[in-house]
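A short write-up of the structure that comes next.
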Amino acid sequence: MLDINQIMEIIPQRSPFLMIDRVEDYVPGESAVAYKNVCINEPHFEGHFPGNPIMPGVLIVEAMAQTGAVAILSLEENKGRNALFGGIDKLRFKKQVVPGDVLKLEVKIIKRKGPIGVGEAIATVDGKLAAKGELTFAIV
């Protein structure tokens, strides 16, 4: 398991844009499982939406991407580098994510060729699918 400080040793994102709180398990270059505790005091809830706070879908995708970044950037050859979005495919949102939810994020790296790769990403809350898709990344 990785705590927040260990996560920040692997990926460059910082508050308020660090979207994962802990990593339960990871295999460098292959997969990662992380969690995001969704809290009402996060700045995006002030405007998304007043009286009906819903985590923006783009931030769910970012949380999935950061989980994949832990997997790929934990490889020795990628230490100190960054993983940037190259594309998002087959992404679907199935459930609203709201304050109080614990978002489970699972990413499996399914393709790699040079600095480009694809991760299959799944986000769930209490075992129910919130979002699923493929994220293409570029290591820079």
Side-chain angles (χ1 to χ4, degrees):
M1 182 168 325
L2 300 176
D3 65 24
I4 194 74
N5 293 316
Q6 293 165 311
I7 292 167
M8 290 190 300
E9 289 176 11
I10 298 171
I11 64 174
Q13 287 84 353
R14 297 295 182 264
S15 180
F17 212 68
L18 182 57
M19 295 287 147
I20 55 177
D21 297 312
R22 72 183 192 279
V23 173
E24 178 181 79
D25 189 26
Y26 72 107
V27 177
E30 294 182 25
S31 64
V33 178
Y35 292 88
K36 161 81 175 137
N37 298 311
V38 182
C39 301
I40 189 64
N41 63 346
E42 294 175 47
H44 50 270
F45 288 127
E46 189 174 321
H48 199 270
F49 298 97
N52 185 27
I54 299 169
M55 185 173 183
V58 68
L59 295 182
I60 297 169
V61 175
E62 178 64 24
M64 292 189 298
Q66 289 180 20
T67 302
V70 167
I72 205 68
L73 296 179
S74 61
L75 282 170
E76 191 61 39
E77 69 235 37
N78 291 333
K79 292 199 186 278
R81 301 179 84 188
N82 199 357
L84 302 179
F85 269 122
I88 301 171
D89 293 307
K90 303 176 190 168
L91 189 75
R92 296 289 181 261
F93 296 99
K94 300 293 186 177
K95 177 184 181 342
Q96 292 179 359
V97 177
V98 299
D101 285 346
V102 176
L103 196 57
K104 182 177 183 180
L105 307 146
E106 301 172 82
V107 178
K108 180 179 177 185
I109 307 302
I110 57 174
K111 293 181 196 173
R112 280 186 63 208
K113 186 171 183 177
I116 307 298
V118 176
E120 181 180 72
I122 298 170
T124 58
V125 174
D126 294 328
K128 296 178 182 156
L129 186 64
K132 181 178 181 178
E134 292 182 359
L135 308 176
T136 301
F137 60 86
I139 305 299
V140 296

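Residue numbers run from 1 in the order of the sequence given.
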Treating Ile, Leu, Val, Met, Phe, Trp and Tyr as nodes and any side-chain heavy-atom pair under 4.5 angstrom as an edge, say whether [X] and [Y] lie in one connected cluster.
| X | Y | answer |
| --- | --- | --- |
| Y35 | L2 | no |
| V33 | M64 | no |
| V61 | F17 | yes |
| L84 | V70 | no |
| I116 | V140 | no |

- Residues R112, L75; criterion side chain to side chain contact (heavy atoms under 4.5 Å, CB included); working and verdict: CA-CA 13 Å; R112 280 186 63 208; L75 282 170; 3.4 Å; yes
What is the distance from atom [atom1] of [X] to atom [atom2] of [Y], rounded to the nearest 0.5 Å?
| X | Y | atom1 | atom2 | result |
| --- | --- | --- | --- | --- |
| K132 | L91 | NZ | CG | 11.0 Å |
| E30 | I109 | CD | CD1 | 9.5 Å |
| I54 | H48 | CD1 | NE2 | 6.5 Å |
| R22 | I4 | CZ | CD1 | 11.0 Å |
| I122 | K108 | CD1 | NZ | 10.0 Å |
| E62 | L18 | CD | CG | 9.5 Å |

Please find the pair of heavy atoms, one from [X] and one from [Y], that lie closest to each other, and give the distance.
| X | Y | result |
| --- | --- | --- |
| A69 | I10 | O-CG2, 4.3 Å |
| F93 | A131 | CD2-CB, 3.8 Å |
| F137 | G119 | CE2-N, 4.2 Å |
| E77 | R81 | O-CD, 3.8 Å |
| A32 | T67 | CB-O, 3.4 Å |
| H44 | P56 | CD2-CD, 3.4 Å |

- Message: Given 3.5 Å as the limit, does a donor-acceptor pair link the side chain of N78 with the main chain of I72, or not?
- Response: yes
- Item | Exam field: side chain D101 to backbone V125, donor-acceptor pair closer than 3.5 Å | no
- Item | ILVMFWY cluster membership beyond V118 - transitive side-chain contacts under 4.5 angstrom | I110
- Under a 4.5 Å cut-off applied to non-hydrogen side-chain atoms, are I139 and L73 in contact? yes
- Evaluate the criterion side chain to side chain contact (heavy atoms under 4.5 Å, CB included) for residue pair I20 and L103; output intermediate values, then yes/no. CA-CA 9 Å; I20 55 177; L103 196 57; over 6 Å; no
- side-chain hydrogen bond (donor to acceptor under 3.5 Å, both in side chains): pairs with one or both residues in residues 2-17, sequence neighbours excluded: none
- Is it true that E42 and K36 have a side-chain N and a carboxylate O under 4.0 angstrom from each other? yes
- Message: For K79, I'd like to know if atom NZ has over 12 heavy atoms of other residues, nucleotides or ligands within 6.0 Å.
- Response: yes
